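Here the structure is laid out as structure tokens; the discussion comes afterwards.
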Amino acid sequence: MITALVDCNNFYVSCERVFDRRLENIPVVVLSNNDGCAIARSAEAKSLGIELGTPFHKCRDLVLTNNGKFLSSNYTLYGDMSSRVMNVLSMFSPDMEVYSIDEAFLYLPEIESPYELAEKIRATVRQWTGIPVSVGISTTKVLAKTANRTAKKNPASNGAFVMLDDEKIKSVLSSFSVSDIWGVGDAYSRKLISYGIMNALDLSLMDDKWIKKEMTIVGLRIVHELRGISCIPLETVAADKKNICSSRSFGVPVTTLKEMKEAMSAYAANAAEKMRRQKSAASAISVYLSTNPFNDSPQYGNSASAKFMTPVFSTQQIVKESLSLIESIFRSGFSYKKCGIFLCGLVPDDSLQGGLFCDYARDEKENKVSMVMDSINKKYGKSSLFIACEGIDKEWSMRRNFKSPSYTTNWNELLKIK
DNA sequence: TCTGGGGTCCTAGGACCC
DNA sequence: TCTGGGGTCCTAGGACCC
């Protein structure tokens with residue numbers, strides 16, 4: 001099957017550039033939550049040598065002295081731009097897997113000129129959304145990923161790379177480092193290199209038994225895909241999450257139980273809303289807190305979990321349980337950096353059943369309140385309605401000193417043309 | 001001063017069953 | 001010296017992805 005991987009170039013930076021032309025041709029760095037470290041870089045920023053994950057304070061001067069700009073991440077904008085891009089891509093194939101916020105796999109029909117199609121995809125997405133993309137085309141997902149990376153690495157390829165015949169595939173693989181293969185991370189690439197397996201062609205020629213022993217069945221699938229045997233299917237329908245997590249670092253250290261409980265309530269409410277969006281209920285929850293491991297100050301971290309007799313659905317129930325758990329592990333005298341919640345054992349909400357020891361009438365009422373809150377927040381914007389125990393001032397909330405407007409999702413922040 | 005957040009899958013080993 | 005065979009379920013930990 002002819003498989004394409006379409007990947008947006010420097011996606012977050014590109015989203016920002018669509019609405020602010022002043023960001024063209026200068027180093028632009030988008031920072032993680034809390035303005036902590038670099039998570040997206042323009043080509044100009046990359047050529048200054050700024051690596052993914054570089055802490056803000058370690059690259060601030062370099063970027064600013066080169067007339068560059070920092071931006072806080074604006075996920076509302078990126079999420080909305082992503083769905084625009086995906087909408088355009090879906091016109092090119094009925095068989096599409098949205099793989100991440102900035103990538104999609106597509107099955108393409110057998111066509112005479114895949115290269116022309118790739119060009120058409122690039123031009124259409126660019127014109128309709130403003131986002132530049134790269135296209136890699138081959139016969140399996142792993143090979144399409146490889147082609148895409150090759151397109152990005154070679155300026156001559158003009159953002160599109162096709163490898164369909166064996167000779168071409170072999171020649172690309174022979175100069176493709178194992179550490180760049182999709183599915184081969186740090187640990188495996190170190191291991192492979194220690195065995196003298198340096199490039200993708202070397203890996204594809206290894207014995208199946210050896211691969212399975214050293215890299216489990218997951219590694220074997222990757223190797224087969226490198227050989228052109230498709231074994232990672234296209235997932236056209238996004239599966240429901242099995243776990244949902246919400247966690248954040250604090251903008252300023254948290255030292256009191258009162259603030260910790262406010263933050264915990266906010267994250268719990270956020271996780272509960274995400275869970276209801278996919279129509280699930282949680283069988284268990286787990287919470288954790290921790291100090292800042294990069295500090296010399298006294299360290300402490302802990303977690304606690306609880307199982308519910310019957311799966312829970314409402315924000316009220318989830319917040320209540322999370323607060324009692326976090327209280328049980330909170331110790332005063334520490335400067336906390338982070339806390340979070342996991343909702344586990346998610347089941348479809350239509351299979352909710354009353355438990356013998358539950359107050360069914362109360363649960364029903366709370367479930368309805370949660371759904372009403374969700375619909376109001378959907379209509380009037382996030383956190384139009386929130387529970388009081390999240391606190392009002394939220395001094396612990398994350399830093400986002402350089403956030404751009406929500407150009408596409410908030411009437412008050414529309415782009416103004418002068 | 002300052003280092004993100006949110007997921008998935010697989011395996012080994014222990015506990016338990018008959 | 002010697003201690004069955006076959007299975008399930010759960011959890012922790014390690015690998016990976018963006």
Side-chain angles (χ1 to χ4, degrees), chain A residues 5 7-8 10-12 29-40 50-61 63 70-75 78-79 82 97-105 141-142 145 148-149 178-192 211-222 231-233 235 238-253 267 270-271 274-275 277-278 283-284 286 288 290-297 303 305 307 335 337-346 397-402:
Chain A
L5 175 67
D7 188 315
C8 301
N10 315 326
F11 183 55
Y12 299 167
V29 175
V30 174
L31 299 167
S32 62
N33 279 346
N34 249 332
D35 295 338
C37 58
I39 53 169
I50 293 161
E51 301 282 331
L52 196 64
T54 308
F56 171 51
H57 63 97
K58 285 192 182 164
C59 58
R60 182 183 45 200
D61 293 349
V63 171
F70 286 100
L71 290 156
S72 304
S73 38
N74 182 349
Y75 284 101
Y78 311 150
S82 172
E97 171 183 343
V98 176
Y99 177 67
S100 75
I101 193 165
D102 72 334
E103 281 173 76
F105 288 99
K141 285 168 109 177
V142 171
K145 269 276 196 185
N148 187 282
R149 201 183 169 91
V178 279
S179 60
D180 290 337
I181 300 171
W182 184 46
V184 176
D186 254 11
Y188 284 154
S189 59
R190 256 182 280 126
K191 176 186 273 189
L192 291 172
I211 297 289
K212 172 126 193 255
K213 187 172 133 262
E214 299 293 333
M215 301 173 71
T216 79
I217 187 79
V218 181
L220 191 55
R221 270 186 217 128
I222 294 165
C231 45
I232 305 176
E235 285 168 28
D240 280 348
K241 307 267 182 253
K242 295 172 182 171
N243 301 293
I244 284 174
C245 159
S246 176
S247 73
R248 296 265 179 297
S249 297
F250 306 127
V252 293
Y267 304 165
N270 177 250
K274 272 199 257 181
M275 176 192 80
R277 213 175 300 149
Q278 72 164 32
S283 314
S286 172
Y288 76 93
S290 74
T291 51
N292 186 350
F294 295 102
N295 270 358
D296 291 336
S297 50
S303 67
S305 32
K307 278 185 185 165
S335 201
K337 177 66 179 168
K338 196 173 180 180
C339 77
I341 176 171
F342 293 89
L343 302 180
C344 321
L346 299 184
S397 65
M398 65 179 171
R399 277 187 306 272
R400 282 168 139 207
N401 291 334
F402 321 110

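Keep in mind that this is a model prediction, so the values were computed, not measured. Residue numbering restarts at 1 for every chain, and letters A, B, ... go by the order of the sequence lines.
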Give, for atom NZ of A/Lys241 and atom CG of A/Leu346, the distance between the pair rounded to the nearest 0.5 Å.
10.5 Å
With a cut-off of 6.0 Å (strictly less than), are more than 12 heavy atoms of other residues, nucleotides or ligands near NZ of A/Lys274?
yes
Side-chain atoms of A/Lys241 come closest, of B/dT8, C/dC17, C/dA15, to B/dT8
The side chain of A/Ile217 is closest to which nucleotide in this list: B/dT11, B/dT8, C/dC18?
B/dT11
Could you state the CZ-P distance from A/Arg221 to C/dC17, rounded to the nearest angstrom?
15 Å
Phosphate OP1/OP2 of B/dC10: any A/Lys213 side-chain N/O under 4.0 Å
no
Could you list all N or O pairs between the protein and nucleotides 1-4 of chain B that sit under 3.5 Å apart?
residue	atom	partner	partner atom	Å
B/dT3	OP1	A/Lys337	NZ	2.5
B/dG4	O4'	A/Ser32	OG	3.0

Does A/Lys145 have a side-chain nitrogen or oxygen under 4.0 Å from the phosphate oxygens OP1 or OP2 of C/dC18?
yes
Of the nucleotides B/dT8, B/dG6, B/dC10, which has the atom closest to the A/Ser246 side chain?
B/dG6
Considering just the side-chain nitrogens and oxygens of A/Asn243, establish if one lies under 4.0 Å of OP1 or OP2 belonging to B/dG6.
no
When the distance from CZ of A/Arg190 to P of C/dC16 is rounded to whole Å, what number comes out?
8 Å
Dot-bracket for DNA chain C, please, read 5' to 3', with Watson-Crick or G-U wobble pairs under 3.5 Å on both distances, ( ) within the strand, [ ] crossing, | other strand, . unpaired.
....||||||||||||||
Do any of residues 178-187 of chain A sit with a heavy atom less than 4.0 Å from DNA chain C, and if so which?
A/Ile181, A/Trp182, A/Gly183, A/Val184, A/Gly185, A/Asp186, A/Ala187
Between A/Glu235 and A/Lys141, does any side-chain N to carboxylate O distance fall below 4.0 Å?
no
